[in-house]
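Worksheet: one structure, shown below.
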Amino acid sequence: MTFDTVIVVDWASGKASGPTPKKDAIWIGVASSTSVEPPLYLRSRVEAEAWLIARLIAERAKGHRVLASFDFPFAYPTGFARALSGSDDPFGVWEWLAVRIKDDENGENNRFDVAAEVNEFFGGTGPFWGNPLKRDIAGLRRNKSEYSLHGLPEKRQCEQDEKGLFTCWQLAGAGAVGAQVLMGLPVLHRLRERFGKELAVWPFEAADAPIVLAEIWPSLLGPVVKEAEKSGEIRDAAQVRLLSKALASMPAIELAGMMDLTSPIEGAILGAGHSDELQRASLHLAPPKLSNDCFALPVGVDWTPVDEALGMLRARLKPVVPTITVSVQSAVNKILAKDVIAQRSNPPLPNTAVDGYGFASKSLSGEGPFELPLVKGRAAAGLRFDGRVPNGFAIRILTGAALPDGVDTVILQEDVRSDGLRIAFNGPVKAGSNTRRAGEDVGAGETVLRAGRRMTPADAALLSAVGVSQVSIYAPLRVGVLSTGDELVETGQPAQDGQIYDANRPMLLAQLRDWGFEAVDLGRARDDRATLGAMLDAGAAQCDAIITSGGASAGDEDHMSALLEETGSLALWRIALKPGRPLALGMWNTVPVFGLPGNPVAALVCTLVFARPALNILSGAGWSEPQCFLLPAAFEKRKRAGRREFLRARVRDGHVEVFKSEGSGRISGLSWAEGLVELPDGAALIEHGTPVRYLPFGLF
């Protein structure tokens, strides 16, 4: 069950809600498997219906399948349809209401009068109740007293197990959904007539049409929505954004399971009983696929120089995470998906940089001294002077205040004497002194930040200053870390002879978090192919990329390479690198896998040199190269040609010293080091004082 586009509508039954976005209004969320649109605020049902028709036409023109869901019941409890229209067919109720409900562009409607008309079928005492209007309506009780359901259930069967759902018979009061049903079903009836056989209504009809309508309940995402509210997002907007995202990213088999239901006359709530799955899906979208052969080596290539390997990664990888729109505050440490354009200049108007007095520089000539009369009033930040300062006059002005008309220069108050009526000061005076030009920092329409940048707190200040409140970012890249090998045991557990504690996984998880990725601990796998395959399945279901350590070569117990070989995606890169060399790259269920060597030093070096820039591309941040410094060596080494070498190193007294041993198992050297020395592919003779390339860990 797949849909190209998911639309979620949070409906409203009252009057038009005005031009300013607010809660308890109509909000629409739209998402696909790779992107989430900003929530759309619509002021009236007439406007929303027109938008829905236009959007559905546009989606069909692209050949897209669409799931459009609405937050009100599609049917009433058993017995109501037959009593009203003589048939259990819920569409008969839709048509009955569509004929009678009146609605205009201002949201003025007759829903309470229509409810009273329905009640007349039942003797005028129910089942509808709730009249908040100033006028009485015959047959419609103001509250629940003295009304009767006339044998109808208070709730539908699908509502029995969901806490917080209100009865559709209640038309007024907190949480009332009855009025939304009366105002929503006529719109659905017209959509059904408009699109004919291209549209199906689930669960009354099979969900195999190009357009499928379904009933939804946003509160299924309650905890996730509450977190969004904490960042200042309007609840209704957060609900449609997150719910459309969840449904769009739901695995096809899971969505099909949710929709494996047809023809209940009371309807059904899509996702009921699956709130946990929806909440997980709302936090993570299915990534775009990489090709299964993206890591394939050219024919005849065996040993691969480091630069060629990096070049292939750079050319073949692309972002695999979707874009989402969030507030500027929520975007800090996230990666921008689009360039950000200043909506307003900073500063927006010419202003003063100091406390003092402002005047027109052309009113002065010569060296001074000068004396100017003061106009009444003052200019302060947020309090603009209303009027013009005449030539030959001055005005009291405070830091940050917009320059009043007639003022282009400010003199410091420390350089002035004043009796409250006049000021006196010495010259010379430079035109424009102590002022800032409008747009001096950033002009409206300028690109202030580029896509691929990881947002900083300072960036949040800049964007806020130029009127940007929301930005498009890439969802955080989720990277799983899996250790392999029978010899591994968890730190803190008893270790037998021949076993070692797993050092790689804690190291790699910490490194990923330090780089700003979402690190996912996938545990450690025994040297058993079935177990490893199952753990890779679990990892691929929740991660955008996977890093493994161990089993990356071609030996009998190198099951990671063997499993990737079975998928047809294995590329066993023999890198001309020390430490490192074997690097198993491949795809598992469309998720890229980086198989690192098992030795801790080699695992970290390969992570820094290869995984870091590759993950940057996958996350949307673009290619990255570490900053390096040429510094004199405090060591001696004769290097043979053939492989690029990386030595654990640190800087002391302006010179680079290296760890005493180059052994890949010497983990103490990683803790001792603060960076790496990179030695070239060719032969080299390093003596004390020879300039070498030093790469600090923190700049990878």
Side-chain angles (χ1 to χ4, degrees), residues 20 232 327-332 336 339-450 453-471:
T20 304
S327 67
V328 165
Q329 297 92 321
S330 300
V332 172
L336 291 173
D339 292 350
V340 184
I341 308 300
Q343 302 301 302
R344 191 186 195 205
S345 295
N346 182 49
L349 295 169
N351 64 36
T352 175
V354 299
D355 290 342
Y357 297 87
F359 47 84
S361 58
K362 65 182 180 181
S363 64
L364 306 177
S365 62
E367 297 292 320
F370 303 109
E371 188 174 299
L372 296 175
L374 289 171
V375 299
K376 290 184 178 180
R378 65 172 188 163
L383 180 66
R384 192 171 186 186
F385 179 73
D386 185 16
R388 181 179 181 84
V389 178
N391 192 36
F393 283 74
I395 185 173
R396 175 66 168 150
I397 191 166
L398 303 179
T399 303
L403 297 183
D405 291 342
V407 172
D408 65 4
T409 302
V410 175
I411 188 167
L412 282 164
Q413 64 182 22
E414 293 88 346
D415 296 334
V416 172
R417 284 189 176 180
S418 175
D419 60 3
L421 298 175
R422 308 177 67 82
I423 60 171
F425 53 95
N426 292 311
V429 174
K430 183 179 179 181
S433 293
N434 301 312
T435 64
R436 307 183 183 103
R437 301 185 311 276
E440 180 178 275
D441 182 22
V442 178
E446 289 185 19
T447 299
V448 286
L449 295 177
R450 295 288 184 183
R453 179 181 177 86
R454 189 176 290 277
M455 278 269 292
T456 67
D459 292 338
L462 173 60
L463 296 187
S464 298
V466 297
V468 176
S469 61
Q470 291 189 317
V471 291

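- In this structure, the separation between CZ on Phe359 and CD1 on Ile397 is 11.0 Å, given to the nearest 0.5 Å.
- A distance-only check finds a donor-acceptor pair linking the side chain of Asp408 to the backbone of Ser361 [under 3.5 Å].
- Of all heavy-atom pairs between Tyr357 and Ser418, the closest is OH-CB, 4.0 Å.
- Side-chain contact between Leu383 and Leu398 is absent, with no heavy atoms from C-beta onward closer than 4.5 Å.
- Shortest non-hydrogen contact noted between Pro404 and Val389 is CB-CG2, 4.1 Å.
- Pairing each heavy atom of Gly392 with each of Pro373, the nearest pair is O-CD, 3.2 Å.
- Residues Leu403 and Thr352 come closest through the heavy atom pair CD2-N, 3.9 Å.
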Ile423 vs Leu374, side-chain contact (heavy atoms from CB on, under 4.5 Å): CA-CA, chis, key distance, verdict:
CA-CA 7 Å; Ile423 60 171; Leu374 289 171; 3.8 Å; yes

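- Atom OG in Ser345 sits 11.5 Å away from atom CZ in Arg437 (nearest 0.5 Å).
- Counting non-hydrogen atoms of other residues, nucleotides and ligands closer than 6.0 Å to CG of Asp386 gives a total of 12 or fewer.
- Applying the side chain to side chain donor-acceptor pair (under 3.5 Å) test to residues at least two apart or on different chains, the pairs with a partner in residues 363-385 are Glu371-Arg422.
- Under the 3.5 Å distance criterion, the side-chain polar atoms of Gln470 are left unmatched by any main-chain donor or acceptor of Val468.
- For Asn434 (side chain) and Val410 (main-chain N/O), a donor-acceptor pair under 3.5 Å exists by modelled atom type.
- Scanning both residues, Asn351 and Gly400, for their nearest heavy atoms gives CB-O, 3.8 Å.
- Between the side chain of Thr435 and the backbone N or O of Thr409 there is no donor-acceptor pair closer than 3.5 Å.
- Distance check: Met455 CE to Leu462 CG gives 9.0 Å after rounding to the nearest 0.5 Å.
- A cation-pi geometry, defined here as NZ or CZ lying under 6.0 Å from the six-membered ring centre and within 45° of its normal, does not hold between Arg417 and Phe425.
- Distance check: Arg344 CZ to Leu349 CG gives 7.0 Å after rounding to the nearest 0.5 Å.
- Between the CG atom of Asp415 and the CG atom of Asn426 there is a distance of 9.0 Å, given to the nearest 0.5 Å.
- When every heavy atom of Arg450 is checked against every heavy atom of Asp339, the shortest pair comes out as NH1-OD2, 3.0 Å.
- Rounding to the nearest 0.5 angstrom, the gap separating the CG atom in Asp405 from the CZ atom in Phe385 is 9.5 Å.
- A side-chain donor-acceptor contact under 3.5 Å links Thr399 to the backbone of Asp355.
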